[in-house]
Structure formats: structure tokens, C-alpha cells
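Shown next, in C-alpha cells, is the structure this report addresses.
Convention: sequence-line order gives letters A, B, ...; per-chain numbering from 1. Reckoned from all heavy atoms, side chains included, excluding hydrogens, waters and symmetry mates.
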There are 2 protein chains.
Amino acid sequence: MPKDRAPTRIQKKNRAAILEAALNVFSAHGFRGATVDQIAAEAGLSKPNLLYYFASKEAIHTELLSGLLETWLAPLHDLDETGDPMEEMLAYIRRKLQMSQELPRESRLFANELVQGAPRIHDALSNDLKQLVDEKVTILTNWMDQGKIARLHPYHLMFSIWALTQHYADFDVQVRAILGDENPFEGAEPFVDTLYRKLLTP
Amino acid sequence: MPKDRAPTRIQKKNRAAILEAALNVFSAHGFRGATVDQIAAEAGLSKPNLLYYFASKEAIHTELLSGLLETWLAPLHDLDETGDPMEEMLAYIRRKLQMSQELPRESRLFANELVQGAPRIHDALSNDLKQLVDEKVTILTNWMDQGKIARLHPYHLMFSIWALTQHYADFDVQVRAILGDENPFEGAEPFVDTLYRKLLTP
DNA sequence: TCTTGATTTGACCAACTGGTCAAACTCACG
DNA sequence: CGTGAGTTTGACCAGTTGGTCAAATCAAGA
């Protein structure tokens, strides 16, 4: 394994290639379904070489998840108490939908983990995620108190946004099997926009 | 393997026990993550004995999926053109939510399969499911034409119902990590009810 | 150029996995 | 009871998988 000095040019390149390959493989087959050989092949490395950069399959997975969690939660971080409530909410929802479109692998990586009980990120859920959600939920509650948006169960409102937007990435095959040639996101954007406009209008 | 005569008492019992065990294991770990040994142990059988009743791991999985697909789609089948549009829709949604609560394993079984690209049920999606959805979508479109419910993209309306209701089964860990002790379904039912009432009101 | 640490690899291993098979056991029924 | 079909199992196998290791190769600075 490389020493803990500053990473060399080669280290940077190979670690990045491995994480990129791992994202492909883990998101498509889940943790158990992915093989180290497969990831190595996709990264253009031999298996022992890959294991020179990461201690184990589990280590790759962990680094991927924790590295992407921030990206994944960024849109919610951006929800701004001082902005216009309805516009803030719609912007958040649009950003989430856009992420489903542009980062479907990341969405499925988390989906795979969650459906199987999140054995590897349970802590992040009940700590980091819960804290962030709680924080933003107080903003929502304030907006509701002020009559700026309709009064709803704020947690379930959050769940509905996640469910609706990530559905297009996680269950992409199903969506496409039913829509045929139609581009899912073309119809999805105006649909969710209308939905939340109606729902949130007091 | 048992001959194709009428199944004996023991055959009935064991095949049922295997399918029940397989539902537990496949829904919790996905196809690749599940092992035949695990299923056998959970069914109270030895591995060779289990393989006396089913030809292979794949055969168990296939029989499970095809056997449960009907159950899974039943609520949509029940959507009745001649009923009151708003009540029919709300009844469908409630039934779907109830299934998330009462049959979470079934939901996760399909979720696992779908997130990973549905390699084993792709045909059922683009045939059986698509046909059923198309049929029901024409009903929705009629209702919209008659001004009975709001005009929306009917396919995305379907997707939203699936996403919202199944979210509670598929991502149960996440929901519970955030809600803490609160029973998810207690808040979910009035929430989705309100949501679709608002959304579908013309 | 030479040296030293970084990188790469072929060969290997133990554990696990899906599946087989012949032999043993059990059950229902005449 | 006896008997033949139905049921169960221990032992086994070949392929896969995550991971190791010593030896070989490469790269960059003195």
C-alpha cells in the first residue's frame, strides 16, 4: 500500500479510476453482486494492483459512499430560509430531479444500500442525514406557521420529494419499459412542478 | 425431483416453506446476495433437500417473482372505470400504501430486481405491466377529458403513486432513521391522501 | 547513472457457492 | 407387515471469490 505521503500522480489517477469503476459496478449489481475482478477490469488494472490501492472491496465501497453522501445531500443544504418559500422548494425539487437524470448511478448506489437495510451506512442515516433533515424541517415548519406554504407533515413532505425524484433513477428500467421512446424527464419535470405547486399552495 | 402427479402433503408444505424463506432472503439481500444454504436453513431443510424441490436457485427466484406479480398488480386491476374517479384513485392509493405496510418483503423483492436493471423480469415489465398500465391510463385520460380529475400526464401520475407508496417499504430503514419512534404509516396515510386529493381536484 | 521507493503482476490460497449423487430413510397403502 | 415411491442427507465437486505474497518492473531524484 502507498505510504501516507502526498499522493503521487499515479496514485491520484488510479484511485480515481477505481472509484469510477466501482461506482459503475456497485450501482449496477449491489455490494454482494459486484466482484473485485470486475471493478479491476473496468478500471484497467489487475486485481492485485487494485488491492494495492484499496485494502479491500469493503474499503472501496465505504469510500465511495462517504465520498458521495455530501454530493447527494448538497441540494438540501442549499435550501435557504431567507428565500421565497415556494421558489426554494421548487428549486430543491428541480435540483433533485436533475440529479436523478445526471447522476443515476449515485442514486442507485444508495438505493441498493437502502433496500437491503443499509448495513453499511446506518450510522450516517441516523446521524448526518437525520440532523440535516431536522434542521431543514424546522425551516419548513416556520414557513407553514407563517402561512407561506400549506401545512403538511414536513417529514412526509421530504420523503415524497425523495421518492418522486429518485424513482426516475432507481427504477429507470420500469419507467422506460412503460414510457417506451418518450424521454422520462421531459414529462417528469412539469409533472413534479405542477404537483408541488398545487400541494404547497396554502 | 417429485413427479408431476398431484403434490403430496409433504411437497406442499416444503415448497411453501421454501418460497416463504426465499422471500425473506431474496428481499433482504437481492438475488446474488442470497445463498441457497441460507434459504435452506431458513426453511428448515438441508441444501440437497431444498434442491430436490426446486431445480436451482434461479428457479426459486423465478417462481417467487411470477407468483407474486399478480398480487402486486391486483390493486391496479381493481381500478374501476365506472366508479367515482376521485374515490377510485384514493382507494387505489390507499391499497398500495397498505401493501407497503403489510407486504414490505414483496415490495423490496421487486425493488431489488428493478434497481439492478430487472435482468429477470424485463419481459414481464414491457408486456404484462405495460399492457395493464396502458389500459388503466386510458381510463385516467377519459376521466381527465370529462373534467372529473385534474389533467396531468397520466403515466407520471402512476409513477408518482408507485414511488410514494413503495418508498415506505423499500426505504424503510431511512424513513425510520429519520422519524425515530413515530410510526411511518400513521403520518403517511393522511399525507398521501391530502396530496392526491389536492393534486387530482380539477 | 544509480538507487530507492512506488507500482505491477503471476501464482497461489482458503473459504464459499451452486449443484450432484448414491445411499439411506420414511411413509402410505395394499 | 412389506414394498415401492417419495424424501432426506453426507460426502463430494468444480467454479468463483476476496485476498496474499514474493518477485519483477518502473519512475524520479540525487
request  = Look at the side chain of B/Lys57 and the base of C/dG19, then say whether one donor and one acceptor between them are separated by less than 3.5 Å.
outcome  = no
request  = Go through residues 19-34 of chain A and report each residue with a non-hydrogen atom lying under 4.0 Å from DNA chain C, sorted by number.
outcome  = A/Arg32
task = Please answer whether the main-chain N or O of B/Ala169 pairs with a side-chain N or O of B/Arg108 as donor and acceptor at a distance below 3.5 Å.
result = yes
Polar-atom pairs under 3.5 Å, protein N or O versus N or O of nucleotides 27-30 of chain C: list them with distances, or write none.
from, atom 1, to, atom 2, distance (Å)
C/dA28, OP1, B/Arg9, NH2, 2.7

request  = Using atom CD1 of B/Ile39 as one end and atom C1' of C/dG19 as the other, report the distance to the nearest whole Å.
outcome  = 14 Å
remark   = Winner on side-chain proximity to B/Thr8, out of C/dG18, D/dG6, D/dG18, is D/dG6
ask   = If only side-chain N and O atoms of A/Ser46 are considered, is one of them under 4.0 Å from the OP1 or OP2 phosphate oxygen of C/dT9?
value = yes
query = Which pairs with one or both residues in residues 64-88 of chain B pass salt bridge (Lys or Arg N to Asp or Glu O under 4.0 Å), sequence neighbours excluded?
reply = B/Asp78-B/Arg95
request  = Would you please classify the geometry between the A/Tyr155 ring and the A/His153 ring as parallel, tilted or perpendicular, with 30° and 60° separating the classes?
outcome  = perpendicular
request  = Please report, rounded to the nearest Å, how far the C1' atom of C/dT17 is from the NE2 atom of B/His61.
outcome  = 17 Å
ask   = Between C/dG5 atom P and A/Tyr52 atom OH, what is the distance in whole Å?
value = 12 Å
task = Grab the OH-P distance between B/Tyr53 and D/dG6 for me, whole Å please.
result = 11 Å
Which atom pairs, one a donor and one an acceptor, fall under 3.5 Å between side chains of residues 183-191 of chain B and the rest of the protein, sequence neighbours left out?
from, atom 1, to, atom 2, distance (Å)
B/Asn183, OD1, B/Phe185, N, 3.1

task = Could you tell me whether the phosphate oxygens of D/dT9, OP1 or OP2, come under 4.0 Å of any side-chain nitrogen or oxygen in B/Asn49?
result = yes
query = Nearest-Å distance, CD (B/Gln11) to C1' (D/dA5)?
reply = 11 Å
Of all pairs that satisfy salt bridge (Lys or Arg N to Asp or Glu O under 4.0 Å), the ones with a partner from residues 109-124 of chain A, not counting sequence neighbours = A/Glu58-A/Arg120, A/Glu113-A/Arg120
ask   = Taking CG from A/Leu51 and P from C/dC12, how many angstroms apart are they, rounded to a whole number?
value = 19 Å
query = Whole-Å distance between C/dA15 C1' and B/Asp37 CG?
reply = 13 Å
key: salt bridge (Lys or Arg N to Asp or Glu O under 4.0 Å) partners of residues 32-46 of chain A, not counting sequence neighbours, each pair once   = A/Asp37-A/Lys47
Test of ring centre spacing under 6.0 Å for A/His156 and B/Tyr168 = yes
note = Of the listed C/dT8, D/dT9, D/dT20, the closest approach to the A/Pro48 side chain comes from D/dT20
key: Phosphate OP1/OP2 of D/dT8 contacted by B/Asn14 side-chain N/O (<4.0 Å)   = yes
inquiry  = Checking B/Leu79 against B/Met89 for the side chain to side chain contact (heavy atoms under 4.5 Å, CB included) test, could you report, in this order, the C-alpha distance in whole Å, the side-chain angles of both residues, the deciding distance, and whether it holds?
reply    = CA-CA 7 Å; B/Leu79 192 78; B/Met89 290 303 289; 4.1 Å; yes
key: Close side-chain approach of B/Tyr52 to B/Asn14, heavy-atom, < 4.5 Å   = no
task = Whole angstrom is fine here: how far is it from NZ in A/Lys12 over to C1' in D/dA27?
result = 17 Å
